[in-house]
Amino acid sequence: MIIIFFGPPGAGKGTQASLTAKTLKIPHLSTGDILRDKLLDQDTLSIKLKKLMDSGNLVSDDILNEIIANRLKLPDCQGGFVLDGYPRTMSQKIFLIDFLESHDLSISKIIDLVIDEKIIIHRIKSRSNIENRLDDREEIIKTRMVKYIEETKPLFKYFRSKYPNDYHIIDGDQDIEKIQDDILKIVKNEDFQP
């Protein structure tokens, strides 16, 4: 089973993707975790990645696509995986679809967590106070939201038309347990009423 999670920053997609992966006993592939793991390797790609990240630059789609492809080829992904934070751009989407098709794989479910921006800002500020995260200041949150709306939201139209029966929108402003329950109903093809 291959599941993609979409949702704006602070919507809880990391939490839900992780819970779903644990329940299904398949890897949870978060872009951030994959990049951090890659930095531990001692190869030319990890050196290039380290230079990029140390300089504060974003990782290009080409480099990220290569790292993701290498991760998806590992044996633990043979039974499926949960993608969280990827694809984020049109170029990543094209790469992922080509990769899956060339390996006779297809997306099983797409989960789109939807939540109001005011709730997101409140939620992330609360998290910031608890965890003291520098990337959770309000101006950074707003910048991340703009990037999400500009780069990631356009992908939804494509995925909804290509996978009309497997694209599911879930209200992200519910209890974690309720959201997880909704997701598992979708994954198990049980009756789900949004």
Side-chain angles (χ1 to χ4, degrees), residues 1-113 135 143-145 147-163 166-168 183 186-187:
M1 178 161 280
I2 297 171
I3 304 171
I4 295 177
F5 272 80
F6 284 123
K13 66 183 175 299
T15 299
Q16 293 300 333
S18 175
L19 289 168
T20 304
K22 272 189 191 123
T23 301
L24 299 175
K25 295 179 176 55
I26 55 177
H28 167 217
L29 306 179
S30 146
T31 311
D33 290 346
I34 291 170
L35 290 175
R36 282 186 287 278
D37 287 348
K38 184 64 194 168
L39 286 172
L40 302 174
D41 292 345
Q42 296 300 313
D43 58 18
T44 50
L45 191 54
S46 70
I47 292 163
K48 198 189 286 187
L49 180 64
K50 185 167 175 21
K51 275 185 192 164
L52 258 177
M53 290 173 86
D54 286 348
S55 66
N57 290 312
L58 288 174
V59 178
S60 71
D61 283 350
D62 288 346
I63 292 173
L64 185 58
N65 290 340
E66 186 180 343
I67 292 168
I68 294 283
N70 290 339
R71 179 64 186 90
L72 296 181
K73 290 174 188 170
L74 294 179
D76 66 335
C77 289
Q78 299 311 302
F81 47 86
V82 174
L83 276 174
D84 158 22
Y86 184 92
R88 253 188 201 142
T89 65
M90 278 301 178
S91 131
Q92 291 174 13
K93 183 264 302 179
I94 291 164
F95 180 85
L96 178 65
I97 296 300
D98 288 349
F99 176 89
L100 293 175
E101 286 175 356
S102 70
H103 289 82
D104 286 326
L105 299 169
S106 64
I107 296 165
S108 312
K109 302 288 177 193
I110 299 161
I111 307 294
D112 184 0
L113 293 174
D135 63 335
T143 303
R144 285 166 59 202
M145 284 299 294
K147 275 191 100 50
Y148 175 77
I149 289 163
E150 287 174 355
E151 293 183 353
T152 309
K153 266 199 156 183
L155 304 181
F156 300 174
K157 190 175 180 187
Y158 166 82
F159 281 108
R160 273 200 303 260
S161 63
K162 186 165 171 79
Y163 303 94
D166 296 313
Y167 190 103
H168 301 277
I183 291 167
I186 289 165
V187 167

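Separating the CD1 atom in Ile97 from the OG atom in Ser106 is a distance of 9.5 Å, to the nearest 0.5 Å. Rounding to the nearest 0.5 Å gives a distance of 10.5 Å between NZ of Lys50 and CG of Leu40. Within the model, atoms CZ of Phe81 and CG of Leu74 stand 11.0 Å from one another, a figure rounded to the nearest 0.5 Å. The NZ atom of Lys93 sits 9.0 Å away from atom CG of Asp98, with the distance rounded to the nearest 0.5 Å. The distance from atom NZ of Lys162 to atom CG of Leu155, rounded to the nearest 0.5 Å, is 13.5 Å. Atom-to-atom distance recorded for Met1:CE and Leu24:CG is 6.5 Å, nearest 0.5 angstrom.
In this structure, Thr23 and Val187 have side chains that are not in contact, with every pair of non-hydrogen atoms separated by 4.5 Å or more. Here the side chains of Ile34 and Leu64 are not in contact, with every heavy-atom distance at 4.5 Å or above. Within the 4.5 Å cutoff, no side-chain heavy atoms of Tyr86 are placed close to those of Leu29. For the pair His103/Lys73, a side-chain contact is recorded, criterion being any heavy-atom separation below 4.5 Å from C-beta on. Side-chain contact check for His168 versus Ile110: every heavy-atom pair is 4.5 Å or farther apart. The shortest side-chain heavy-atom distance between Pro87 and Phe159 falls under the 4.5 Å cut-off. Taking 4.5 Å as the limit, every side-chain heavy atom of Ile68 sits out of range of all side-chain heavy atoms of Phe99.
Considering only residues two or more places apart in sequence or on other chains, Lys109 meets the side chain to side chain donor-acceptor pair (under 3.5 Å) condition with Asp166, Asn189.
When all heavy atoms of Met145 and Pro8 are compared, the closest pair comes out as SD-CB, 3.8 Å. Closest of all the heavy-atom pairs between Tyr148 and Phe6 is OH-C, 4.4 Å. Residues Asp84 and Ala17 come closest through the heavy atom pair CB-CB, 3.8 Å.
Just one residue in the list Leu105, Ile2, Ile4 forms a side-chain contact (heavy atoms from CB on, under 4.5 Å) with Leu96, and that residue is Ile4. Applying the side chain to side chain donor-acceptor pair (under 3.5 Å) test between Gln92 and each of Asn65, Thr152, Asp61 identifies Asp61 as the sole match.
The backbone N or O of Gly14 lies less than 3.5 Å from no partner atom in the side chain of Ser18, so there is not a single donor-acceptor pair. The backbone N or O of Ile3 lies less than 3.5 Å from no partner atom in the side chain of Ser108, so there is not a single donor-acceptor pair. A donor-acceptor pair is defined here as one N or O able to donate and one able to accept, closer than 3.5 Å; such a pair exists between the side chain of Lys13 and the backbone of Gly7.
A salt bridge links Arg71 with Asp76: at least one charged nitrogen is closer than 4.0 Å to a carboxylate oxygen.
The salt bridge (charged side-chain N to carboxylate O under 4.0 Å, His left out) analysis of residues 28-38, with sequence neighbours excluded, yields the pairs Asp33-Arg36, Lys38-Asp41, Lys38-Asp43.
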